[in-house]
Amino acid sequence: MELSRNEKILLKRLIEKSGEDSLSNIMKDLSLSIVEIMNAASWLKMKGLLKIDERVNVEYYLTDEGKRYIEKGLPERIIFNYLVENGKKSIDDMVKIFGKNFVTIAIANLKGDGFEIENGNLVLKDKEKVEKRIREREEYLKDFKNIPGEMISYFLKRNIVEKKENVERFFRITENAKSIDKKDLEVRDEITQLKPEDIQTGAWKNKDLKRYDVQMFAPYPSMGRMHPLSEFIRKVRRIFLNMGFREIYGYYVVSAFWNMDALFIPQDHPARDMQDTFYVDRKFPLPDYYKTVKKVHENGNGISRGWKYSWQENLAISGLLRTHTTVNSIKYLYDHRDEVIRVFTVGRVFRRENMDSTHLPEFHQIEGIMVEPGSNFSMLLGTLSSFYRELGFDKIRFKPSYFPYTEPSVEIHVFKDKWIELGGAGVFRPEVTEPLGIKGKVLAWGLGLERLAMLYYGYNDIRDLYIADIDKLRSLPLL
Ligand code: PHE
């Protein structure tokens, strides 16, 4: 039977060790890699010379908490010692001395069988018995070699010990292998690359040529790839770029003026509340046209009747973390008043939200504006429909809605199993555009990115988009 160099090495080694050994032992002795050994082993197995067994080894390790207990003592030990020295004590006193968490752990693991709570006091009924219970735990913790099953489950439950399973491979030679001639196991030089000299001198005749095997066992290479959220953002960008839009960027920290006032959001609007917006300790100068904005807020400045209140400069100059990317659009509009505009932003925004399966305090919006000769509301709906269609969402509907800065305003809903609201859009009101001297229609939208990404990837929890678990990420399909 023909055997490769590595097959011979492995077989020889196994015969020396009375026919059986584990992969990890073999790796220690032979200067072969795990891949080379597994390859050789699979071939020997196919040739009927070797059997491969897998055994799952369960091992127990101390957790960090466990290690801390070994060093400082179990909470129940510390409480016990204290009680032995000081007699019975009330739980309240103990909490003052040791902290609530600590006392709770101690009580939970000590109650009953000699240790009781009576009228809010911790009482040692049977000192020896309690001492014995604690000592038993301490001894098993030092050495889990002969630890009974229920004790291990107990430690696992307390998160003192953790379990690790590893698969150990064992190789055992077959009867056939035992009858192989020693001479056939002689390891000869193998040529992996045939050189001209080998051919010219005829040296190749005395050497073994290594065979190629395209079906050889090889570890699965895990390649670098983009995080799904980055991948999705890139996709969104590409769609708008392909539709002729240019990407614009902006700062996270902006003034309330740009984030709200310039958008005709009244200063008593609930979204401006400290409950909803993260303010920062910084003030910003106001742009030259703020006096017009003030007038528009107060009395409409001939455009409408305004909000009828006294506009405060000191509120407008406050810094905040942008609550929507519409701030990028309005600033861009201010800098490019007489131009044709097709721009978009994909960016982070910040709102004081509690985190749950559909909310994050930090998320992304897909924002954009369009200003063209003759631009109108149906162009807006058409552009948004094309965008969603590019992502594979064909069923879209627009519902009348309200934003202080657009009229008409719509909400965009996309259908996937059910209708899901994904953003807002509209035509900027004259109260927003006229102070800038803009006469044409400014089409604007702001769409949620994470919710769309969830639909796209089929996630149910928004937090799944932010996982940094490398195994989970590797298991995602390449889209
Ligand atoms: N800024 C709005 C939001 O955050 C979305 C929007 C943008 C609506 C532009 C209309 C126009 O929900």
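Computed over heavy atoms, backbone and side chain alike; hydrogens, waters and symmetry mates excluded. Whatever order the structure lists ligands and atoms in, that order sets their numbers, starting from 1.
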Flag the pair Glu76 and Arg158 as a salt bridge only when some basic side-chain nitrogen lies within less than 4.0 angstrom of an acidic carboxylate oxygen. yes
Considering only non-hydrogen protein atoms, determine which one is nearest to atom 2 (C) of ligand 1 and report residue, atom name and distance to 0.1 Å. Tyr405 OH, 3.1 Å
Could you establish whether Arg351 and ligand 1 come within less than 4.0 Å of each other, counting only heavy atoms on the residue side? yes
If the cut-off is 4.0 Å to any non-hydrogen atom of Glu367, which atoms of ligand 1 fall inside it? 7 (C), 9 (C)
Any chance the side chains of Asn109 and Tyr154 put a donor and an acceptor closer than 3.5 Å? yes
Less than 4.0 Å between a side-chain N and a carboxylate O, is that true for Lys399 and Glu421? no
Using a strict threshold of under 4.0 Å (side-chain N to carboxylate O), is an ion pair present between Arg342 and Glu372? yes
Thr406 to ligand 1: N or O pair under 3.5 Å? no
Of Tyr279, Phe284, Phe257, which meets side chain to side chain contact (heavy atoms under 4.5 Å, CB included) against Ser318? Tyr279
Indicate whether the side chain of Asn259 and that of Thr323 have a donor and an acceptor atom separated by less than 3.5 Å. yes
Any N or O of Thr323 closer than 3.5 Å to N or O of ligand 1: no
Relative to the heavy atoms of Ala425, which atoms of ligand 1 are at a distance of less than 4.0 Å? 8 (C), 10 (C), 11 (C)
Cationic N near anionic O, under 4.0 Å, Arg351 to Glu353: no
4.0 Å heavy-atom contact, Gly423 with ligand 1: no
Element-labelled atoms of ligand 1 that are located less than 4.0 Å from some non-hydrogen atom of Thr326: 1 (N), 7 (C)
Starting from atom 5 (C) of ligand 1, find the nearest protein heavy-atom neighbour and note its residue, name and distance. Gly446 O, 3.7 Å
Gln365 versus ligand 1: do any nitrogen or oxygen atoms come within less than 3.5 Å of each other? yes
Select one of side chain, backbone, both or neither to describe which atoms of Ser409 lie under 4.0 Å from any atom of ligand 1, heavy atoms only. neither
Return a yes/no value for Trp445: is any of its N or O atoms, backbone included, closer than 3.5 angstrom to an N or O of ligand 1? no
Is the terminal nitrogen or CZ of Lys164 (NZ for Lys, CZ for Arg) located under 6.0 angstrom from the six-membered ring centre of Tyr61 and within 45° of that ring's axis? yes
